[in-house]
Number of protein chains: 4
Amino acid sequence: MDTLPDPKEQLAEARRQQILLGAARVFAEKGFHKATTRDIARAAGVSEGTIYNYFENKRDLLTAMVDQVAMDSLRQLFEAHPDDDLRQLLPALMHDRARLAMEHGLLLVPLLAEVFADEDLRQHLYRQIVLPNARRLEEYLQHQIEAGRVRPIDPVIVTRALIGALVSNMLIKLSHLDERYDRLSLDDLFQQLSTIFLDGLLAS
Amino acid sequence: MDTLPDPKEQLAEARRQQILLGAARVFAEKGFHKATTRDIARAAGVSEGTIYNYFENKRDLLTAMVDQVAMDSLRQLFEAHPDDDLRQLLPALMHDRARLAMEHGLLLVPLLAEVFADEDLRQHLYRQIVLPNARRLEEYLQHQIEAGRVRPIDPVIVTRALIGALVSNMLIKLSHLDERYDRLSLDDLFQQLSTIFLDGLLAS
Amino acid sequence: MDTLPDPKEQLAEARRQQILLGAARVFAEKGFHKATTRDIARAAGVSEGTIYNYFENKRDLLTAMVDQVAMDSLRQLFEAHPDDDLRQLLPALMHDRARLAMEHGLLLVPLLAEVFADEDLRQHLYRQIVLPNARRLEEYLQHQIEAGRVRPIDPVIVTRALIGALVSNMLIKLSHLDERYDRLSLDDLFQQLSTIFLDGLLAS
Amino acid sequence: MDTLPDPKEQLAEARRQQILLGAARVFAEKGFHKATTRDIARAAGVSEGTIYNYFENKRDLLTAMVDQVAMDSLRQLFEAHPDDDLRQLLPALMHDRARLAMEHGLLLVPLLAEVFADEDLRQHLYRQIVLPNARRLEEYLQHQIEAGRVRPIDPVIVTRALIGALVSNMLIKLSHLDERYDRLSLDDLFQQLSTIFLDGLLAS
DNA sequence: CATGAATGAGAATTCATTCAT
DNA sequence: CATGAATGAATTCTCATTCAT
């Protein structure tokens with residue numbers, strides 16, 4: 001229904017994906033700057049020139065990746081858990097985002113690197129990925145607050161706090177920066193994070 | 001007791017700082033990769049060659065900066081708030097880390113960029129800065145848990161969650177990524193973050 | 001009599017002209033080197049590949065243009081002014097060559113550029129265009145000298161002097177290099193150039 | 001008197017000349033576009049990087065050459081022949097310009113090529129070289145016209161006609177485009193050109 | 001130690017040309 | 001013949017690092 005599968009366009013899209021995948025692999029291994037277009041071409045199984053038939057320049061590969069990840073939004077999640085309370089939603093949400101992180105593998109790390117290094121890319125990522133997804137959670141929280149089921153805390157801050165808490169823990173786990181995380185299952189991690197955010201630290 | 005102020009060494013140390021400061025300024029403005037040694041030399045008021053009398057290479061400037069930041073540890077904070085409960089400690093801790101971020105200004109952003117891009121630097125930063133500071137909080141939390149004042153939640157996870165929540169919010173605020181943060185004082189931000197972590201989201 | 005209009009060949013010739021025209025337009029606008037085959041294909045309304053069905057390579061387009069211009073020779077002019085004396089012939093000749101320049105527009109400039117840059121092309125142009133046309137004037141001058149109506153000056157030198165004088169003035173006028181030429185009609189220009197060559201500078 | 005010979009600056013100027021000379025040699029041999037920076041570096045006996053310490057980019061080498069040639073102006077000539085009439089001045093002037101052409105050798109040809117190809121360079125050359133030199137001759141002619149020794153013909157046109165006549169003949173001779181020029185001495189060439197411009201073609 | 005000119009490896013990008021469809 | 005995606009050689013320019021002065 002979206003687009004008729006014009007065979008030509010389909011082929012082009014496949015090529016795009018092929019190149020993007022190759023680039024992702026090389027970026028994940030060497031980081032953006034140390035990845036040469038030669039590396040990328042080789043990894044994607046095309047010639048260097050072909051890359052430029054599908055992307056403006058090397059940086060454009062990054063931007064395209066951001067948009068790629070952005071496609072995979074939270075919409076389905078919220079539709080699948082319409083009226084759940086936070087106790088069910090929060091772990092599910094973490095699982096979903098974690099699944100995304102695992103799918104895109106360590107590509108996330110070099111992507112983040114460039115996001116920090118590049119003002120424009122940072123804005124691009126924030127607007128394309130963070131904001132649209134965050135907004136759903138914000139709205140959900142707002143409803144819960146109005147229903148009296150959640151403390152009156154700024155949903156914007158909560159959302160970013162959640163993202164930060166999740167990302168930092170995932171990063172440490174995936175990068176094997178701290179061996180204590182190697183003995184910790186993702187389920188346990190999400191469970192504990194959920195508890196923190198739901199019930200707070202203080203013993204009641 | 002540490003080092004007698006050998007006048008020669010003092011001069012050298014001053015020079016080091018001078019270069020580091022210049023580098024920090026340029027990194028903050030252009031990011032690590034777009035900062036040329038020429039820029040740095042100019043900003044520091046020395047010649048390019050002189051940089052290499054004090055630092056191995058350009059990347060070493062980054063490493064040195066990490067160590068610089070690391071010096072400024074949490075030690076004093078915990079000594080100043082020995083027996084405080086979390087309600088006092090948490091906002092103070094955030095203020096302290098935020099002060100650090102403001103002091104080093106947006107240098108943090110390019111620093112983070114390279115931290116993500118560079119495996120070794122990532123480990124270096126984690127071990128030199130994150131771990132030592134985190135450990136103090138972990139220990140503190142452990143004591144509080146044992147004393148029954150805090151829920152039995154893994155202090156390691158809590159600590160990283162706190163760091164992530166704080167860093168993500170600060171980053172958005174300092175980078176002006178989201179205009180809603182422009183109307184939010186740091187005090188309010190810290191207050192809300194503290195509440196989230198202390199009391200949780202759920203209405204009691 | 002030359003070639004029977006074989007409909008197939010006619011179509012091919014039309015295509016050739018179509019491509020050549022597109023190339024001329026692009027060359028005139030961007031110069032030879034900055035004109036890409038893609039530009040040319042687009043301007044000619046064909047695909048890049050098609051260009052290579054009609055021309056060996058990009059440079060061949062230039063050579064073909066030279067020959068194109070060469071077709072338009074002075075023959076008719078001399079046939080139309082058989083017995084005129086130099087006083088009539090010279091301005092007519094300048095007009096004719098100027099008309100040619102205007103017709104081919106500023107294509108001449110990038111063409112000249114490559115002529116200077118490319119030894120082979122330079123010879124090609126000299127032999128295909130300059131020599132055949134110049135020879136007619138040389139012969140005419142030779143007759144006039146033998147008839148005592150023109151000073152005994154080397155017709156070869158005179159001819160090149162005339163060409164140079166005409167081309168340099170036209171170039172400055174067409175390229176708007178000198179605003180004083182903007183207030184000068186072509187007629188006046190040719191009149192003055194003719195006077196110089198006919199009567200010389202010295203007051204008699 | 002112009003500049004105190006600062007030894008450092010002198011060295012730098014020598015380097016500049018060294019690079020310019022190398023570039024001139026390569027340009028003369030291969031033309032501007034086919035000359036690689038590698039070629040130029042090798043010909044100049046420096047590394048590629050060094051070129052860029054003295055010139056903005058490859059094209060800047062051309063611009064610098066234009067200015068170099070421009071230095072060598074007609075001033076001395078007019079000062080040496082203050083009150084001469086055209087009969088002496090014209091051949092002297094041609095000799096002088098021809099000497100210049102010989103000195104800079106066939107560098108002129110690739111220079112001209114780029115002048116035709118590059119709008120900006122064309123203006124640069126016209127203003128830096130042609131205009132200043134032409135103006136002296138124009139003024140001289142104006143005086144002679146007012147004194148009644150030269151016909152009242154636009155000095156601007158005459159000057160460009162002279163330049164064109166000289167350049168075209170020289171180019172053919174130096175490029176060996178026409179074997180008839182191989183049997184013609186420069187002196188004879190200049191003598192005939194002078195006669196044409198002074199006395200005109202028509203037998204008196 | 002300070003200097004900054006010289007170095008040259010390295011990399012992104014372009015584009016004429018080919019060729020399978 | 002027409003197409004245009006794929007190719008990859010070729011080239012300019014940058015910049016971290018060295019080292020003679």
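Below, chains carry the letters A, B, ... as their sequence lines are ordered, and counting in each starts from 1. Everything quoted here is computed from the prediction, not taken from an experiment.
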Report yes if a side-chain nitrogen or oxygen of D:Thr50 is closer than 4.0 Å to either non-bridging phosphate oxygen (OP1 or OP2) of E:dT7; otherwise report no. yes
Under 4.0 Å, counting only non-hydrogen atoms across every strand here, what does C:Thr36 touch: a base, just sugar-phosphate, or nothing? sugar-phosphate
Using a 4.0 Å heavy-atom cut-off across all strands, classify D:Arg38 as base, sugar-phosphate, or nothing. nothing
Does B:Leu61 reach the side chain of B:Ile19, with side-chain heavy atoms less than 4.5 Å apart? yes
Could you tell me how far apart B:Tyr52 (OH) and E:dT7 (P) are, to the nearest whole angstrom? 18 Å
Side-chain touch B:Phe55/B:Thr63, heavy atoms, less than 4.5 angstrom: no
Start and end of the DNA chain F segment that chain D contacts, any atom under 4.0 Å from a heavy atom: F:dT11 to F:dT14
Per the salt bridge (Lys or Arg N to Asp or Glu O under 4.0 Å) rule, what does the pair list look like for residues 38-57 of chain D, sequence neighbours excluded? D:Lys30-D:Asp39
Pick the closest DNA chain F nucleotide for D:Phe32 and for B:Thr37 by heavy atoms, then say which residue is nearer the 5' end. D:Phe32
Backbone N/O of B:Phe32 and side chain of B:Lys58: donor-acceptor pair under 3.5 Å: yes
Under the criterion side chain to side chain contact (heavy atoms under 4.5 Å, CB included), I'd like the reasoning laid out for C:Tyr126 against C:Val115: C-alpha separation, chi angles, the key distance, then a yes or no. CA-CA 9 Å; C:Tyr126 189 73; C:Val115 160; over 6 Å; no
Show me the dot-bracket string of DNA chain E, counting Watson-Crick or G-U pairs under 3.5 Å, with | for pairs to another strand and [ ] for crossing ones. .||||||||||||||||||||
Side chain C:Gln128, main chain C:Asp67, donor-acceptor under 3.5 Å: no
Let me know, please, whether B:Glu56 or D:Glu48 comes out on the 5' side of the other along DNA chain F by nearest nucleotide. D:Glu48
Distance-only, no hydrogens or angles: does the B:Lys34 side chain make a donor-acceptor pair with backbone N or O of B:Glu29 under 3.5 Å? no
Heavy atoms under 4.0 Å, any strand shown: does C:Phe55 hit a base, just sugar-phosphate, or nothing? nothing
